[in-house]
Protein chains: 2
Amino acid sequence: MKVSPKKEEFLQESLKLIHEKGFKATTMRDIAERLNFDVSNSYNYIKSKQEILESFLFRTSNEFHKTIDNVLDSNYSAEDKLKSLISSHIRIASEKPYEVALLVNEWRNLKEPKLNEFVTLRDTYEKKVSKLLEDGINNKIFKQMDIRIATSVVLASLRWFYDEYTVKKNEKNLNPIEFERQIVGFILSGILL
Amino acid sequence: MKVSPKKEEFLQESLKLIHEKGFKATTMRDIAERLNFDVSNSYNYIKSKQEILESFLFRTSNEFHKTIDNVLDSNYSAEDKLKSLISSHIRIASEKPYEVALLVNEWRNLKEPKLNEFVTLRDTYEKKVSKLLEDGINNKIFKQMDIRIATSVVLASLRWFYDEYTVKKNEKNLNPIEFERQIVGFILSGILL
DNA sequence: TACAAACATAAACAAATGTTCATGTATTTC
DNA sequence: GAAATACATGAACATTTGTTTATGTTTGTA
């Protein structure tokens with residue numbers, strides 16, 4: 001599928017607007033206005049408003065899945081797999097913060113059957129993380145923990161990071177490398193000295 | 001301010017619906033339909049749709065603020081303050097999961113000037129947490145860490161918990177006491193054995 | 001019992017929204 | 001230079017939405 005530069009511009013501007021205002025609150029007229037053309041012209045680029053959301057969400061979801069699959073397929077120890085997963089997650093979130101923001105905040109606006117499809121993908125991703133943690137526990141690398149809690153907490157610890165790269169630069173942005181170092185420290189051994 | 005039982009029922013049902021579908025996607029007619037009366041009747045209970053959101057959001061925000069203020073005012077060590085904070089957070093989220101869900105997911109739908117007011121409250125809350133962590137670092141109880149990252153990660157680790165109490169009971173719900181034990185373990189000393 | 005408050009309905013509204021259609025102008029490609 | 005493709009406009013549409021107004025019924029209470 002070829003993407004003309006204008007279409008790409010349309011999609012990127014839509015992405016940013018949807019991130020700013022939320023999917024429901026962003027109207028087709030909002031998008032068109034920002035691009036200085038009439039609403040109707042938008043439909044030369046997309047078939048429907050939903051399509052914008054769907055394409056971004058599934059594209060980004062796929063990227064995360066590919067990444068975790070590669071990590072799980074590797075011969076690293078559970079500890080190094082987890083480090084590698086963290087690293088990949090941070091890379092994606094810093095490279096494509098708006099896409100990740102959409103993934104986190106706007107998936108609820110999908111309609112069936114896409115919504116179901118997405119939720120299934122999300123559950124699958126969680127299960128992959130759970131498996132990684134479970135292996136680590138079985139190999140006595142990680143503590144004995146409730147897998148469900150551990151999975152949620154690890155994912156929650158990473159999920160907010162896109163925000164550092166969408167917010168205005170009134171403060172210095174976090175350096176992804178340093179962030180990775182700190183987050184690895186936190187997840188592996190907590191904050192206690 | 002007295003709240004009649006019918007008004008309370010109206011608000012609670014609105015709360016659940018808004019949580020299910022999102023604020024924008026929930027129409028006044030949706031709410032009325034669920035309560036088996038006409039849309040117009042809703043306006044005997046509230047002045048506007050926005051008011052529903054505002055009242056829940058600021059009420060819950062206040063509760064969190066009161067709680068953290070009490071924690072900070074105590075004579076506990078930084079470590080015990082943090083434990084106490086975690087405990088309070090989990091209590092609120094398990095007692096009022098829908099209110100907390102709204103706080104986390106729907107604040108973007110506030111309009112100015114309420115939006116600004118809310119964001120300020122939220123920033124203030126974060127600063128309070130940062131202060132707690134900073135004190136702990138200065139007293140050599142916590143590791144040397146980037147305060148901004150540590151604050152975000154601690155809050156993110158707690159934020160998702162309401163979900164355990166809003167989701168259908170197809171799986172056993174988490175016991176808040178056990179959750180607290182695990183989360184304290186995680187935040188204080190990570191997952192590494 | 002009478003009066004006020006609470007609870008309810010029906011009809012209508014203005015504005016906003018996603019989308020389509022018919023049509024026109026650039027731009028690219030052969 | 002002709003033909004196809006990309007880019008754009010304006011008008012119109014059917015729905016949906018929050019909210020108001022006028023009016024009626026039920027319920028608690030003095």
Side-chain angles (χ1 to χ4, degrees), chain A residues 1-58 102 105-115, chain B residues 1-58 102 105-115:
Chain A
M1 74 180 119
K2 51 183 172 183
V3 186
S4 68
K6 286 276 184 179
K7 170 161 183 174
E8 193 52 38
E9 193 192 352
F10 173 83
L11 288 176
Q12 285 304 315
E13 213 55 53
S14 303
L15 176 61
K16 279 188 201 158
L17 253 181
I18 292 172
H19 170 255
E20 280 172 37
K21 313 185 56 173
F23 180 72
K24 283 261 175 196
T26 304
T27 71
M28 294 302 290
R29 283 168 180 81
D30 288 336
I31 299 171
E33 191 182 10
R34 172 137 338 175
L35 290 160
N36 288 312
F37 52 60
D38 194 86
V39 212
S40 48
N41 190 31
S42 301
Y43 290 83
N44 285 318
Y45 302 118
I46 47 146
K47 233 180 59 209
S48 71
K49 191 189 177 193
Q50 286 291 320
E51 195 193 76
I52 305 176
L53 188 62
E54 290 165 11
S55 67
F56 277 116
L57 253 38
F58 285 96
L102 230 63
N105 297 314
E106 305 294 344
W107 60 270
R108 292 159 165 269
N109 295 298
L110 287 172
K111 290 181 181 167
E112 300 293 1
K114 294 285 180 182
L115 177 57
Chain B
M1 81 181 112
K2 53 183 172 185
V3 187
S4 68
K6 284 276 184 179
K7 169 162 182 175
E8 192 52 38
E9 193 193 352
F10 174 82
L11 288 175
Q12 285 304 316
E13 213 55 53
S14 302
L15 175 61
K16 279 188 201 158
L17 253 180
I18 292 172
H19 170 255
E20 280 172 38
K21 312 183 59 172
F23 179 73
K24 284 260 174 196
T26 304
T27 71
M28 295 301 291
R29 283 166 180 82
D30 288 337
I31 299 171
E33 191 182 9
R34 171 139 336 173
L35 289 161
N36 288 313
F37 53 59
D38 194 86
V39 211
S40 49
N41 189 31
S42 301
Y43 289 84
N44 286 318
Y45 301 118
I46 47 146
K47 232 180 60 207
S48 71
K49 191 189 176 191
Q50 286 292 320
E51 195 193 75
I52 306 175
L53 188 63
E54 290 166 11
S55 65
F56 276 117
L57 252 38
F58 285 97
L102 230 63
N105 296 314
E106 304 294 344
W107 62 270
R108 290 159 164 269
N109 295 299
L110 287 172
K111 290 180 180 168
E112 300 295 0
K114 294 286 179 182
L115 177 58

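All values below were derived from every heavy atom in this structure, side-chain atoms included, with hydrogens, water molecules and symmetry-related copies excluded. First the proteins, then the strands, lettered A, B, ... as listed; each starts at 1.
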Inset, instruction - Work out how much the helix from C/dT1-D/dA30 to C/dC30-D/dG1 bends between its end axes, five pairs an end, to the nearest 10 degrees. - result: 20°
Inset, instruction - Take atom CZ of A/Arg34 and atom P of D/dA8, then tell me their distance rounded to the nearest Å. - result: 17 Å
Inset, instruction - Could you pull out all residues at least two apart from A/Lys6 that satisfy salt bridge (charged side-chain N to carboxylate O under 4.0 Å, His left out)? - result: none
Inset, instruction - Grab the NZ-P distance between B/Lys24 and C/dA16 for me, whole Å please. - result: 12 Å
Legend entry - Gap between atoms CD1 and C1', on A/Ile31 and C/dT17 respectively (whole Å): 12 Å
Inset, instruction - Could you check how far NZ of B/Lys7 sits from P of D/dT27, rounded to whole Å? - result: 21 Å
Inset, instruction - Answer yes or no: does atom CD of A/Gln50 have more than 12 heavy-atom neighbours from other residues, nucleotides or ligands under 6.0 Å? - result: yes
Legend entry - Any B/Phe23 side-chain heavy atom under 4.5 Å of B/Arg108 side chain: no
List the atom pairs, donor and acceptor, that lie under 3.5 Å between side-chain atoms in residues 36-43 of chain B and the rest of the protein, sequence neighbours left out.
from, atom 1, to, atom 2, distance (Å)
B/Asp38, OD2, B/Ser40, N, 3.1
B/Asp38, OD2, B/Ser40, OG, 2.8
B/Asn41, OD1, B/Asn44, ND2, 2.7
B/Ser42, OG, B/Val39, O, 3.1

Legend entry - Minimum side-chain heavy-atom gap A/Lys49-A/Asn109 below 4.5 Å: no
Using a cutoff of under 3.5 Å, can you pull out all pairs of nitrogen or oxygen atoms linking the protein to nucleotides 10-13 of chain C, with atom names and distances?
from, atom 1, to, atom 2, distance (Å)
C/dA10, N6, B/Ser40, OG, 3.1

Legend entry - Closest heavy-atom pair and its distance - B/Glu106, B/Ile18: OE2-O, 4.0 Å
Legend entry - Nucleotide nearest B/Lys6 when distance is taken to its side chain, options D/dT9, C/dC7, D/dC7: C/dC7
Inset, instruction - Determine the minimum heavy-atom distance between A/Ile52 and A/Leu11, stating which atoms define it. - result: CG2-CD2, 4.4 Å
Inset, instruction - Indicate the atoms forming the closest heavy-atom contact of B/Leu115 with B/Trp107, along with that distance. - result: CD1-O, 3.7 Å
Inset, instruction - Could I get the full list of salt bridge (charged side-chain N to carboxylate O under 4.0 Å, His left out) partners for B/Glu20, not counting sequence neighbours? - result: B/Arg34
Inset, instruction - Specify the residues of residues 42-57 of chain B, ordered by number, for which at least one heavy atom lies under 4.0 angstrom from an atom of DNA chain C. - result: B/Asn44, B/Tyr45
Legend entry - Distance in angstrom units between A/Asp30 CG and C/dA15 P, rounded: 18 Å
Legend entry - Closest heavy-atom pair and its distance - B/Leu17, B/Thr26: O-OG1, 3.4 Å
Inset, instruction - Rounded to the nearest angstrom, tell me the gap between atom CD in A/Glu8 and atom C1' in D/dC7. - result: 17 Å
